Amino acid sequence: MARRRYAAPLAMDLFRPLEREGAALLSDQLEERVRQLLAGGRLKPGDYLPPLRFLARKLGVSVGTVAKAYATLGREGVAAGDSTRGLRVTSVTPLPPRSRRPWASTVMRPTLPVDPLGGELPRPASSSPIRFHTSEPGTDLLPTALVARAFGAALADGANLRYPPIGGLPETRAAVDSYLGRRGIALAGAEVLLTAGTTQSLAIITRALLPPGGVVLTEHPTWYMALAVFAAAGARVVALPVDDEGLEVGALAEAVLRCNPAFLYLQPAFQNPTGVSLSPERRADLLAVARRLQLLVIEDDYAAELAFRESPRPLRTAECAEVVIYVKSFAKVLAPSLRIGAIVAPARYAAALKSALHGLDPYVSTVAQRALAACLSAPAFSAHLKALTAALARRARALDEALQAHMPPGARWTRPAGGLCAWVELPPRVRSDEFAREAARRGVLLAPGRLFCLDDSGERGLRIAFAVAKPPEIERGVGVLGDLLRARVRRGRRPAAVPRSVAP
Ligand SMILES: Cc1ncc(COP(=O)(O)O)c(C=O)c1O
């Protein structure tokens with residue numbers, strides 16, 4: 001490779017001796033120096049950092065020291081390439097050094113699950129396992145007759161076998177508008193796009209709005225499918241903690257100022273995987289930050305209707321409509337296999353979203369759209385929602401009671417006021433992925449916390465979805481978990497590592 005020249009001021013800064021008496025590691029100092037040069041504009045996207053050995057010689061440090069700093073810069077998307085030949089600075093805003101972001105639990109590029117549909121789940125010993133691992137209503141709670149009638153009518157008309165118009169059939173758009181409008185979602189002047197569900201909606205939004213190497217802010221833990229979408233787009237994810245009141249908004253403004261995110265993704269109602277909702281105080285604070293700093297918020301509303309008492313207020317109301325893109329799925333309130341969702345966005349994003357949609361399959365099944373329109377306007381749909389919510393409330397209560405009865409000391413769990421899942425923190429020293437494998441062998445399927453986290457902070461967490469199993473099964477399943485945990489706590493041992501398992 002031809003020798004690169006470094007302008008004198010840059011060379012002076014880059015090759016300046018490192019502080020050998022200080023407390024900071026030499027590799028951390030070097031990493032910090034590169035970030036400062038980027039922040040000050042001395043290093044620009046497209047510039048090269050010197051080859052490993054060359055820089056090590058200039059600085060009088062080991063090759064390992066430079067390699068470590070380069071590895072961190074590479075992992076966090078500040079620079080890319082072959083470090084032995086020199087890294088290329090990427091066209092991204094540098095993230096602040098780790099020491100200056102105590103508010104973020106982690107910053108990294110998430111990895112894609114190998115098989116998001118559960119191919120790696122441990123094989124249950126039983127042929128009819130207790131299914132705590134999938135967050136979808138059990139088949140007994142799905143509106144089968146309503147959906148069958150709607151599909152039957154749609155399939156009876158050959159015209160519905162044709163391509164639909166891009167962006168949705170007028171009839172279905174009207175039905176979705178009317179449904180969302182009744183729920184208080186601000187629609188005036190908005191662009192509404194029908195999509196094949198929220199996974200696709202997030203892919204569209206990410207493709208449209210995330211610059212190369214850009215940052216996405218998320219809750220931590222969060223829905224692993226969203227992380228998969230961000231990973232596929234090469235995003236750097238800065239994850240902010242969630243507690244009993246939802247996203248910890250106190251850290252948000254600093255995160256926005258330091259990381260310049262393309263958007264914040266969150267689920268304000270019955271967050272998957274914890275089941276918690278954003279409190280009204282946090283909601284107000286979050287929207288104030290978003291408006292002040294022009295932070296775009298992606299509101300994933302997959303289950304707000306499934307409130308046991310009152311639905312949390314949506315973020316996209318009239319006064320905040322300019323900073324919120326609202327994303328709706330009908331998977332949980334109607335049927336996961338319907339594959340229809342919607343994006344409601346400020347009009348200024350219309351062109352970008354539509355062009356991203358074109359590259360990601362712009363068609364949503366005409367038959368399914370007709371069926372959705374019919375379902376949303378049928379009186380049986382509101383009856384279904386009522387019955388579904390009541391059944392979920394009973395199952396959530398059964399789960400809480402069973403956990404109280406069977407969990408050993410040291411375990412903690414959330415008590416969702418709606419939705420489909422709760423989060424259990426296991427007693428210290430019990431790792432949830434190992435535990436999930438052991439539980440599967442005893443016929444209880446779980447989603448281990450690591451799926452929803454970017455680092456090992458989910459190690460003790462478990463998502464228990466309470467929407468599939470009926471109350472007696474819930475009691476039985478949690479009983480098994482309690483037995484296993486007590487035995488484990490008694491043994492105080494940690495079995496060997498197991499492969500990652502994935503659940504929808
Ligand atoms: C947080 C969240 N959003 C949305 C969805 C629904 O996604 P889709 O419409 O792609 O099925 C789910 C399903 O699990 C979810 O957990």
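It should be emphasised that the depicted structure is a prediction, and the values quoted were computed from it without experimental measurement. Numbering of ligands and ligand atoms starts at 1, following listing order.
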Which is closest to atom 14 (O) of ligand 1 by heavy-atom distance: Lys332, Arg463, Glu136?
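Looking at heavy atoms only, Lys332 sits closest to atom 14 (O) of ligand 1.
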
Best match, Phe270, Trp223, Tyr224, Tyr265: closest heavy atom to atom 2 (C) of ligand 1:
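The residue whose heavy atom sits nearest atom 2 (C) of ligand 1 is Trp223.
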
For [X], the ligand 1 atoms whose distance to one of its heavy atoms is below 4.0 Å:
| X | value |
| --- | --- |
| Asn272 | 1 (C), 15 (C), 16 (O) |
| Gly197 | 9 (O), 10 (O) |
| Ala331 | 11 (O) |

How about Thr274 and Thr414: does a side-chain donor come under 3.5 Å of a side-chain acceptor?
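No - no donor-acceptor pair under 3.5 Å links their side chains.
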
Are Ser178 and Arg182 close enough that a side-chain donor and a side-chain acceptor fall under 3.5 Å?
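Indeed, the side chains of Ser178 and Arg182 share at least one donor-acceptor pair under 3.5 Å.
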
Using side-chain hydrogen bond (donor to acceptor under 3.5 Å, both in side chains) as the criterion, point out the one residue from Arg463, Lys332, Gln267 that pairs with Asn272.
Arg463

Ligand 1 contacted by Arg339 (non-hydrogen, < 4.0 Å):
yes

Within the structure provided, determine whether Val176 and Ile340 are in side-chain contact (heavy-atom separation under 4.5 Å).
no

Using 30° and 60° as the class boundaries, would you call the ring planes of Trp423 and Phe452 parallel, tilted or perpendicular?
perpendicular

Once you restrict to heavy atoms under 4.0 Å, what part of Asp300 touches ligand 1? Side chain, backbone, both or neither.
side chain

Just to be sure I read this right, does ligand 1 sit under 4.0 Å from the backbone of Thr199, its side chain, both, or neither, counting only heavy atoms?
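Answer for Thr199: both.
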
So for atom CZ, which belongs to Arg412, do other residues, nucleotides or ligands contribute more than 12 heavy atoms lying within a distance under 6.0 Å?
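For Arg412, atom CZ is not crowded (no more than 12 foreign heavy atoms under 6.0 Å).
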
